[in-house]
Every structure is written in C-alpha cells, then in structure tokens.
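By convention in this document, chain letters (A, B, ...) are assigned in the order of the sequence lines, proteins followed by strands, and residues within each chain are numbered from 1.
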Amino acid sequence: MKRFIIKTVFFFALIACVDFISGHVFDYLQNNAKGGMTFRDHFICNELKTDVLLCGSSRCVHHLNPQIITDSLGMSSYNLGQDGNGIILMYGRLQMIRQHTTPKLVIYDIAPEFDLLKREDNHRYLTLLKPYYDNKEIRDVLLSVDSTEQYKMLSNMYRYNSHFLEMMSDYMRPIIKAKENGFVPLLGDLDKSKIRRDNVYPKEYEFDPLKLYYLEKIADSFGKKIVFCVSPYWYGKDTRQFAPIVELCKKRGLEFIDFSNSPKYLHNNSLFKDGNHLNSLGADEFTIDLIKELRARKVISASGEKIQ
Amino acid sequence: MIYNSFNFIVLFPLIFFLYYAIPARYGKTRNIYLLFVSYLLYLQWKPVYGLILLGVTAITYFTALSLDKAKHPKALLTMGVLGALLPLAFFKYFNFINDSISDVLAIAGLKFHLRGLNWAIPIGISFFTFQALGYLWDVYYKKQKAEKDFLIYALFISFFPSILSGPINKASLIIPQLRRLRPYFDYGKAVGGMKMLLWGMFMKVVVADRVALYVDMVLPSYENYTGLSCFVASILYTVQIYADFAGYSLMAIGVGKILGFELTENFRRPYFAVSVTDFWHRWHISLSTWLKDYVYIPLGGSRCSKRRNYWNIFVTFLVSGIWHGANWTFIIWGCMHGVCQIIEKMLNQQKCNYGWFGKSIKIIVTFLIVNFAWIFFRMPTTGDAFGVIGHIFDFTLPMTVEINSKPILAFIVMGTSILFMKDWFDEFAPSRLQLFNNKRSVVRWTAYVVVMVMILLSGVFDAGQFIYANF
C-alpha cells in the first residue's frame with residue numbers, strides 16, 4: 001500500500017513538473033505567435049486600441065466590415081467576433097480591452113443561440129479565456145460558469161487544452177485567417193444545401209440567466225456607448241428570441257437595431273453564403289445599412305463622431 | 001459515478017482511503033462500507049430511484065431464497081422475473097409501447113392514446129436488472145446457490161464501479177469475492193487498475209468526446225452535408241461508441257481492481273472481428289454472455305434444427321435491440337445483427353480460415369456492416385437512419401468531406417491513430433508494443449506521463465455523460 005501511494009504521488013509530481021514547464025512554453029507561444037488565431041487573440045486582449053469595437057459570434061466576424069466603418073466614419077474599427085462564441089467570451093474580451101483602451105462605440109451583433117438562449121453547456125465559451133485566468137475579471141467569468149474551474153486551472157496544461165496545436169502552428173507556420181481588422185469575408189455564392197431552416201418554433205424560449213447577466217454587465221460597462229443589433233438571416237428569425245435584449249435596451253435607453261427580417265435581405269440569394277451568414281457582398285451592404293441606421297437614430301453624427 | 005468528472009477526482013481518493021483504513025480482517029465492515037458508498041453515489045442521481053434499486057434487489061433476493069422450498073418453483077421464478085422486470089418495462093418502455101399502439105390503432109382509424117410519462121429513467125436500470133435476473137436464473141438452474149446474506153447480495157447488485165453502465169457481472173464471479181476475506185491490499189491489482197483507469201480515460205476524453213464534436217455536428221443535420229461527410233461521420237460514430245463504452249468499461253474495471261475486485265472483461269478489440277458473430281464475442285462481452293446464457297441457450301441454442309437455431313439467433317438479437325432502447329431504431333439494429341449472423345452461419349463464415357489477405361478483407365467487411373448498423377443506433381428515427389444511408393449513397397453530391405476546423409481534424413486523427421495502433425498491436429503482435437506493461441520502468445513511466453499529458457492537453461472535459469449511461 002505504501003509503495004502504491006508513493007508511486008502515485010511520484011506520478012502526480014512528475015505530471016506537475018511537466019505541467020509547470022509546459023505552462024511556460026505555452027505562455028511563450030501565446031505571447032509570441034506570428035499569426036493566426038493565437039496572434040489575433042493575444043492582440044485583442046493585450047494591444048488593441050481602436051475607436052469602434054464590433055462584437056459577436058461568427059455572424060459578426062463575417063458580417064461587419066471594419067474598413068467600411070473606418071471609411072464612412074473616419075474612426076478606427078476592429079472586429080472581435082469569434083466563431084461559435086457569444087456574450088461570455090465577448091464580456092471577458094471587452095474587460096481586457098478596457099484595461100488598455102476606451103472605445104468610443106461598441107456594436108454588438110446578437111445571435112440568440114450564443115447570447116440569449118439556454119443551451120447545454122457554457123464551458124465551450126471558456127476555451128479562449130482560460131489562458132487569461134490570472135486576470136481577475138476573467139477568473140470571475142470562469143468561476144461563474146463552473147466553480148470547479150479554480151481547481152482545474154491549477155494545471156497549466158488544462159489552460160491550453162484543445163488549443164496547443166493551433167498555438168504551435170501559429171508560432172511556427174501561421175495560417176493567417178483574418179484580415180488585420182479581424183473581419184473574415186465569406187467569398188462566393190449561396191450554397192443552397194447549407195440553408196438550415198428553423199421551421200418549427202417552440203412555444204416558449206428558455207433564456208440563460210448567466211448570458212443575460214453578462215449582457216447587463218456589458219451595458220453597465222459601456223452605457224450609451226454600446227449598440228445592439230441583429231444582422232440579417234436568409235430565412236428570417238422569430239423575434240420572440242430577442243425579447244430579453246429588447247427589454248434591456250428599453251430599460252437602459254440603448255439602441256437595438258434589428259435586421260433579422262429585413263425585406264432587403266430575406267431570401268436574397270445574392271447576399272448570403274448560407275442560411276446564417278452573409279457573403280462578402282452582403283456584409284458590405286449590411287455594414288453600410290447599419291451605419292445609415294446609426295446616423296438616422298443619431299447614434300453617430302453625419303461627420304462620424306459619436307453624439308451620445 | 002461519472003469517471004471523467006471533477007467529482008470523481010475528488011471523491012474516489014476519499015473512498016479509496018476510507019476503504020483501506022478498514023483492516024482486512026473486518027471483511028463484513030468493508031462490505032457495509034462499499035454498500036453504503038454505492039447507495040450514496042446512486043442516490044445522488046435521483047434519491048427516490050434508490051427505492052427502485054432496492055426493490056429489484058429485494059425481489060430477486062427473496063425469490064432466489066424461496067426457490068428451493070417452493071412447491072411451484074417455475075411459477076415463483078416467473079413472478080420474481082416479472083417483478084424485477086416491471087420497473088424496467090415501466091420506466092423505459094411505457095412511452096414506446098403506448099406510442100406504438102396508438103400508431104397502429106391510428107392506421108386502423110382508431111384514436112386511442114394514454115398520456116405518456118415524462119419521468120427520467122433510473123440510471124443503470126438496464127444493467128442492474130439484468131444482473132439481478134442473471135443471478136435468479138443461475139439459482140433456478142442450480143448453477144449458483146442462493147445468497148443468504150442480504151448485505152452481500154445487495155452489494156453485488158449495487159456495486160458502484162459497474163452499476164452505471166456495466167459490465168453485467170455474474171454472481172459466480174463477484175459474490176465469492178465479496179464473501180471471502182480479501183487481502184488488505186493487492187499491489188498488482190491496484191497498479192493494473194490504475195493503468196486501466198488511465199487508458200480508459202484517454203479513450204473517453206481524448207478519442208470518444210473529440211470525435212463526437214464532428215459526429216454531433218453532421219449527423220443531426222445530415223441533409224446539409226455531403227454524402228462523404230455523412231460517411232466519415234458514421235465511421236467516427238463507430239469509433240466514438242467504441243471508445244466511449246470500452247473506455248468506460250475499462251475505467252469501471254480499473255476502479256474495481258484498485259479496490260481489489262476482478263470484474264468481467266467487456267471488450268476485446270471488436271473492430272478486428274472477422275465476422276459479426278466474432279464481433280459479438282468481442283463487443284459488450286458481458287451482455288452477449290448474458291444473452292447467450294439466459295435467452296439463446298434456454299431457447300435451444302444450436303442443439304436443435306437449423307431453422308430453429310436461426311430463429312433462436314434472431315430472437316436473441318431482437319432482445320438485444322429491445323434492451324438497448326425503446327425505439328424501432330434499436331430493434332432494427334438488433335435484428336440486423338441477428339440476420340447477419342444467420343447468414344454467416346448459413347455460409348459457414350463465422351470464423352476465418354483464410355490467409356492474412358482474406359482475413360483483412362473479412363475484417364473490413366465486418367467493420368462496414370457494423371458501421372452501417374450503428375447508423376440505426378445513432379439516429380433518433382428510422383426515417384433519419386435511412387436518410388443518412390440514402391445520403392451516403394447519393395453520388396450526385398460533391399465528393400468532399402467538410403471539416404471546417406483543422407485543429408479538430410488534427411485531434412481526431414491523433415487520438416484515433418493512437419487507439420488504432422494500440423489495438424492493432426494488442427491483437428496481432430501483443431509482445432511487440434508493450435508500453436504500460438514494458439519491462440523497463442523508463443518506458444512504462446514515459447507512457448503513463450505521455451498519456452496523462454494528452455488527456456490534459458487534448459481531452460474534452462465538457463462532454464458529460466457516457467453514451468451507455470442512457471441505458
């Protein structure tokens with residue numbers, strides 16, 4: 001029994017050593033990536049200074065063109081959007097950005113699946129936040145999803161779980177996926193096989209209290225500087241899904257701009273890549289339309305400077 | 001207990017130390033402790049379902065004890081079996097039977113529908129019910145003496161390493177281990193158990209849960225992907241269910257070993273089977289043994305006419321399909337396996353008498369047959385299953401595999417390659433690649449560390465339940 005315990009302790013001590021060394025290695029790779037998503041992530045969280053921040057899921061990544069915003073408004077702009085992510089990651093990122101810059105305007109493209117509705121598991125949104133666990137704001141986000149993260153995060157390897165291959169590739173031979181402003185245009189025509197229609201809407205929607213909590217916190221952090229929008233869907237959307245954000249905006253006097261059922265975009269094959277994502281042409285059109293709407297609502301003046 | 005959960009990492013060392021704090025001479029105290037822990041862990045799912053477990057235990061215990069003195073033992077046995085099966089039938093099959101009857105009546109133009117149940121199925125009910133029934137039949141056929149000590153019997157049924165998803169253990173294997181005074185601590189068993197726990201965890205979190213990310217993306221929305229993508233997803237599901245279930249079984253057996261118990265082997269590299277018949281000697285061995293002993297042989301087995309023998313095979317696998325789930329997809333899956341085995345028997349193809357090339361072909365063909373059958377197992381309806389198969393064979397679709405994320409692809413390739421290589425060497429050249437069991441301690445310890453590092457770096461920790469935990 002004694003031998004067994006000693007060998008078990010020795011095993012975990014070995015793992016702890018490997019963990020300690022790999023932590024330093026991965027920290028180095030994270031901070032010195034030459035490109036790719038690792039570089040982008042590091043840049044966003046540590047160096048980004050810009051006037052207009054564009055936030056959201058893959059819909060934001062592919063729908064909001066910062067170059068058009070810069071050309072129209074004369075303000076620098078960056079697209080923080082992240083595939084398969086939403087408010088939980090965005091809140092963390094925005095808190096890190098606020099530590100080194102103060103944006104003039106934040107535009108948040110709401111995707112109900114990632115920002116409002118209850119889904120199986122919020123752990124999936126923590127992957128890109130884990131490397132920044134040492135930051136108190138980020139730690140609070142992780143612990144709000146799972147209190148046991150405080151124990152799991154004792155392991156450096158766990159921090160970089162599922163991420164290390166990409167980090168190594170981004171350090172050695174990065175595949176640049178994003179333009180310098182974070183925008184990823186989807187080129188080409190509509191792939192009709194990718195039209196996934198939510199034909200049956202449920203009677204009631206279940207909203208995630210944690211996501212709603214972070215939406216409130218973002219509204220607290222940025223006040224009138226934040227605008228919420230919904231970019232177009234090929235097949236439209238049941239607007240009941242947006243109820244909490246509509247209510248939040250009403251309560252706080254914030255702008256909510258909904259393009260989800262805009263007739264210009266509904267079933268317009270020339271502007272979409274699939275049912276959920278605009279193509280590059282559609283993205284440019286939408287960005288222009290959004291700027292027009294922001295001007296019409298006097299969120300920004302004709303000269304491009306923010307009014308509120 | 002879910003072995004890839006944080007709770008397990010915290011609780012199991014505690015269970016381990018408290019167990020071994022009890023001196024070996026207090027065997028009964030150790031058993032009481034294990035029974036207490038088993039019920040405590042079971043109750044954390046849904047406390048009231050502990051009554052179901054206790055009920056099945058009590059029914060089979062008292063029935064077995066009474067069989068010897070009963071005037072009509074067969075009638076008593078039947079009552080005991082029905083009593084033990086009732087919760088399983090009720091919780092698992094009520095809605096299915098209700099819906100099926102309603103559908104049949106609707107075809108005849110009749111409207112009749114009882115309100116369905118919205119109750120969760122008691123976890124592990126299929127496993128502990130079959131374990132209890134196996135014991136009852138063993139006592140009836142005088143293969144096993146009725147256990148008089150309720151404590152020992154209750155522990156046999158509720159033993160926490162295997163209650164969730166098996167293996168389905170035989171009373172003749174477990175009860176003697178519970179009865180006799182076990183050594184204080186078996187070092188060899190404990191180390192073996194730790195190795196199984198480690199490799200089982202690798203199979204589950206590095207392989208099964210990783211490929212699940214792709215499978216769960218493609219198969220539920222198969223219409224939106226190419227046929228080749230659906231085919232790859234079906235192959236990956238075949239990998240997923242093996243790595244998930246075999247990984248869990250290994251961990252369960254490993255935990256049992258750490259506590260000094262030998263549980264039933266449950267998997268033996270099933271995808272190297274040379275026939276569907278051979279597959280069932282390697283896949284979920286404890287279930288196939290149970291079906292053979294309590295369904296196939298009582299029906300007559302192979303000691304009857306050929307026609308009768310084929311019928312026995314078909315019924316056995318029909319029961320297997322029904323056991324797996326309350327859905328026509330599982331029944332079709334079971335029947336497919338039954339029919340394939342009948343055909344193999346007709347053509348005398350259960351074994352392999354060919355050279356290495358013929359054997360390779362047989363392995364590949366068997367793998368593809370099993371793979372297609374798994375489509376029925378995975379999809380929620382028969383329509384969806386046929387839809388996936390139709391999609392796979394739709395050659396008008398682009399012949400491309402859609403995997404958007406290169407890192408996911410890299411992890412999948414890495415994990416499945418390692419698993420395949422390990423199984424290949426274990427099957428064909430067991431002495432050539434010895435890592436965990438290498439004579440040199442440097443090699444062994446390097447292997448332990450590498451596997452653990454891979455678990456930490458590429459394991460998926462948010463995936464949750466094992467597939468077979470739903471049974």
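Residue B:Phe461 holds its CZ atom at 10.5 Å from CD of A:Glu149, rounded to the nearest 0.5 Å.
Neither the backbone nor the side chain of A:Leu126 comes within contact range of chain B; no heavy atoms are under 4.5 Å apart. Only the backbone of B:Ile455 comes within contact range of chain A, with heavy atoms under 4.5 Å apart.
Considering only heavy atoms from C-beta on, A:Phe164 stays 4.5 Å or farther from B:Leu456 through its side chain. In this structure, the side chains of A:Arg3 and B:Phe185 stay at 4.5 Å or more apart for every pair of heavy atoms.
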Sequence neighbours left out, cut at 3.5 Å: what donor-acceptor pairs do the side chains of residues 11-29 of chain A make with other protein atoms?
from    : atom 1 : to       : atom 2 : distance (Å)
A:Asp19 : OD1    : A:Ser155 : OG     : 2.8
A:Asp19 : OD1    : A:Asn156 : N      : 3.1
A:Asp19 : OD1    : A:Met157 : N      : 2.9
A:Asp19 : OD2    : A:Asn156 : N      : 2.7
A:Ser22 : OG     : A:Val18  : O      : 2.8
A:Ser22 : OG     : A:Asp19  : O      : 3.1
A:His24 : ND1    : A:Phe20  : O      : 3.1
A:Asp27 : OD1    : A:Tyr160 : OH     : 2.4
A:Tyr28 : OH     : A:Tyr171 : OH     : 3.4

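Heavy atoms of other residues, nucleotides or ligands lying less than 6.0 angstrom from CZ of A:Phe43 number more than 12. With a 6.0 Å radius and a threshold of 12 heavy atoms from other residues, nucleotides or ligands, A:Asp189 has its CG atom at or below the threshold.
Close approach to chain A, defined as a heavy atom under 4.5 Å from one of its heavy atoms, is seen in B:Tyr187, B:Ala190, B:Val191, B:Met194 of residues 187-195 of chain B, taken by number.
Here the closest non-hydrogen pair linking B:Ala410 and A:Leu165 is CB-CD1, 3.6 Å. Counting all heavy atoms, side chain and backbone alike, A:Met1 lies closest to B:Phe16 at CE-CE2, 3.9 Å. Here the closest non-hydrogen pair linking A:Ser162 and B:Gly459 is OG-O, 4.2 Å.
Between A:Phe4 and B:Tyr20, the ring center distance fails the sub-6.0 Å criterion.
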